[in-house]
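The structure appears right after this line, and notes come after that.
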Protein chains: 2
Amino acid sequence: MATGRTHRPATRSRGIPEATVARLPLYLRALTALSERSVPTVSSEELAVAAGVNSAKLRKDFSYLGSYGTRGVGYDVEYLVYQISRELGLTQDWPVVIVGIGNLGAALANYGGFASRGFRVAALIDADPEMAGKPVAGIPVQHTDELERIISDNGVSIGVIATPAGGAQQVCERLVAAGVTSILNFAPTVLTVPDGVDVRKVDLSIELQILAFHEQRKAGEEAAAAEAGTPPPIRSTAASRKGPDGEVPAVMPA
Amino acid sequence: MATGRTHRPATRSRGIPEATVARLPLYLRALTALSERSVPTVSSEELAVAAGVNSAKLRKDFSYLGSYGTRGVGYDVEYLVYQISRELGLTQDWPVVIVGIGNLGAALANYGGFASRGFRVAALIDADPEMAGKPVAGIPVQHTDELERIISDNGVSIGVIATPAGGAQQVCERLVAAGVTSILNFAPTVLTVPDGVDVRKVDLSIELQILAFHEQRKAGEEAAAAEAGTPPPIRSTAASRKGPDGEVPAVMPA
DNA sequence: ATGCCTTTGTGAACGCGTGCACAAAGATTG
DNA sequence: CAATCTTTGTGCACGCGTTCACAAAGGCAT
Ligand SMILES: NC(=O)c1ccc[n+]([C@@H]2O[C@H](COP(=O)([O-])OP(=O)(O)OC[C@H]3O[C@@H](n4cnc5c(N)ncnc54)[C@H](O)[C@@H]3O)[C@@H](O)[C@H]2O)c1
Ligand SMILES: NC(=O)c1ccc[n+]([C@@H]2O[C@H](COP(=O)([O-])OP(=O)(O)OC[C@H]3O[C@@H](n4cnc5c(N)ncnc54)[C@H](O)[C@@H]3O)[C@@H](O)[C@H]2O)c1
């Protein structure tokens, strides 16, 4: 999970646990797929498999929203899609601004799945004067000077930061001062925000490092098992060259 | 947090809790910044602020790695950088392949922070024959047909999937069959993998939906507070037009 | 109408993660 | 060398999240 919230200690957001909120979009995606295949109802077990979670967890999650299921039958797909959408606030249209239209910002602007679920790219903002006016994904880039006006005019409350790390905190402060209360941060920095502002971060580098940790551990365990004469569990083909870059696994030589 | 692991029930990865592992890269980043400023030592309190966490949590996290601090003084920055790097497996060089060189894949390939910490883009792979041979970020794109050979030749164990959702599971299976045991997935799908393979996902859409949930809740609470005659907490300027797109907040009209 | 079969909704137990608070450790100063 | 001051390392309690397991609910067949 390339994510983490900031501030706001307790959960109790109208009683729905934070962990549940984080899974609702997952259920919604699975349900939307079922809806497109015109499947009328689905059991907690089927839906759980589709969403990649435990079925008891899924039922408990839904129980926070109310009793929308029918015992012996399951859940009505359309009805559940509506209920979850409403709970997540997706029945409204959320204007979003993206700040920092470089490699990543441009990719985000071009991302189709953005608009698909109630989010609309209201503006693209960059500090580079060269970029001003140039269209990216059909939307002209605007200069940072316009930031406050853009936020205000469009009633934007969600901002995406895709600037280099150095500028992120300052951009964040301007966004917040202008009225933004939710920020999705792609820059590798810890953002400091006042209470009442939500920050979520997506950090590629952290994700890779976490994977590397487990990868190293797997290589170590495997080496230890080989040392002990235990044959590697399965997949010994790939296993035999698992030390990355031809390096020796980080275990004691003797 | 745009993240979530799959499979592998218990933690106990050599005793280091998963939550701690997820924070180590954060500490490492803060420590690297200190190191570049030639700061010799740092207290848990200072470092905690820099990393945006509680200092007790930070100390407990470090205690899992061993006793690397000096009471009354703090932690030696250089030494800690080394210890965390080693623990995360960053003293090795990890070759990574990126599959699906579209908007996002190209941005990832161009991402500088990639190589900075032990990760090296070994190959770019795409199914589009038109792209084969074209250089992206200085690396020629190779066709999917070569996938197995590339993984094998380079000893790749970490793969990044940036294809459309439809192709992700199949790409995933080919990667795993070829020997990849860690996957970072950007496609909005639940990937099914065999035991022993780690999957982490980054899902922009889910992040935005979580933000929207809290945003809606804030708007609702505010409306309720206004109704009750209680003035909005702070920042009433921005608050007064918090209903997105000029819509009425989703509360009962009367 | 009655009984069976499926599936929900949730009580309860458990484990992980967090944060407080403090004793022990060590540096520093006189 | 002793006193003081700073900061670590951790015992402990608490709360959240997960999972099991099952009683209740409801559809459906006879
Ligand atoms: N490219 C990736 O795949 C990737 C992956 C993970 C994280 N990131 C992070 O995302 C951020 C952007 O990455 P990128 O590759 O797009 O970088 P980039 O250099 O291509 O783009 C950065 C853009 O931000 C603009 N900018 C700089 N300062 C600004 C400011 N104060 N206000 C507004 N705009 C400003 C620049 O003009 C530029 O257009 C970086 O922090 C990077 O670490 C990128
Ligand atoms: N662009 C974004 O900012 C963004 C954000 C979040 C998630 N995503 C997700 O990331 C993925 C890629 O997004 P994108 O905007 O780069 O899409 P894109 O259409 O620009 O690029 C997809 C690329 O994958 C290639 N491809 C398709 N099937 C393939 C296969 N089976 N094997 C190898 N390559 C294959 C295509 O040739 C194309 O080059 C999508 O799943 C999207 O939902 C993108």
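Since we're looking at a predicted model, the values are computed, not measured.
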Please produce a list of atom pairs where a protein N or O lies less than 3.5 Å from an N or O of nucleotides 21-24 of chain D.
| from | atom 1 | to | atom 2 | distance (Å) |
| --- | --- | --- | --- | --- |
| D:dA21 | N6 | A:Arg59 | NH2 | 3.3 |
| D:dA24 | N3 | A:Arg71 | NH1 | 2.8 |

Would you indicate which nucleotide in C:dG17, C:dT18, C:dT8 comes nearest to any side-chain atom of A:Tyr75?
C:dT8
If the cut-off is 4.0 Å, is A:Asn54 near the phosphate of D:dC20, judged by side-chain N/O to OP1 or OP2?
yes
Minimum-distance nucleotide (side-chain atoms of B:Pro17 versus C:dG19, C:dA27, C:dG17)
C:dG17
Here the distance between atom P of C:dT10 and atom CG of A:Leu58, to the nearest Å, is 14 Å
From NZ of B:Lys57 across to P of C:dA21 the rounded distance in Å is 17 Å
Pairwise 5' ranking along DNA chain D for A:Arg23 and B:Gly74, keeping only the more 5' one:
B:Gly74
Please give, in whole Å, the distance from D:dT18 P to A:Glu18 CD?
11 Å
Is the phosphate of C:dT10 approached by A:Lys60 (side-chain N or O, under 4.0 Å from OP1 or OP2)?
no
The residue, A:Asp61 or A:Thr70, whose nearest nucleotide of DNA chain D is more 5′ is A:Asp61
Heavy-atom donor-acceptor pair, B:Ser35 side chain to B:Leu31 backbone, under 3.5 Å:
no
I'd like to know if the side chain of B:Lys201 and the backbone of B:Phe186 have a donor-acceptor N/O pair within less than 3.5 Å.
no
What do you reckon, is CD of A:Glu173 surrounded by more than 12 foreign heavy atoms closer than 6.0 Å?
yes
Categorize B:Ser55 for me: base, sugar-phosphate, or nothing, with a 4.0 angstrom heavy-atom threshold over every strand shown.
nothing
When you compare the side chains of A:Gln169 and A:Thr189, does any donor N or O come within less than 3.5 Å of an acceptor on the partner?
no
If I take atom CZ in residue A:Phe62 and atom C1' in nucleotide C:dT7, what distance separates them, rounded to the nearest angstrom?
14 Å
What integer distance in Å separates B:Leu80:CG from D:dG9:C1'?
14 Å
Proximal nucleotide (of D:dT18, C:dC20, C:dT10) relative to the A:Ser63 side chain:
C:dT10
Heavy-atom closest pair, residues A:Ile183 and A:Val180
CG1-CG1, 3.9 Å
Under a 4.5 Å cut-off applied to non-hydrogen side-chain atoms, are A:Gln92 and B:Glu215 in contact?
no
Quick one: does A:Asn54's side chain have a donor or acceptor within less than 3.5 Å of a partner on A:Leu58's backbone?
no
For B:Tyr68, run the ring pair (Phe, Tyr, Trp, His ring centres under 6.0 Å) check against B:Tyr75, B:Tyr79, B:Tyr82, B:Phe62 and tell me which one passes.
B:Tyr79
Within residues 35-48 of chain B: residues closer than 4.0 Å to DNA chain C (heavy atoms)
none
Could you point out which residue of A:Glu45, A:Glu46, A:Lys60 forms a side chain to side chain donor-acceptor pair (under 3.5 Å) with A:Ser55?
A:Glu45
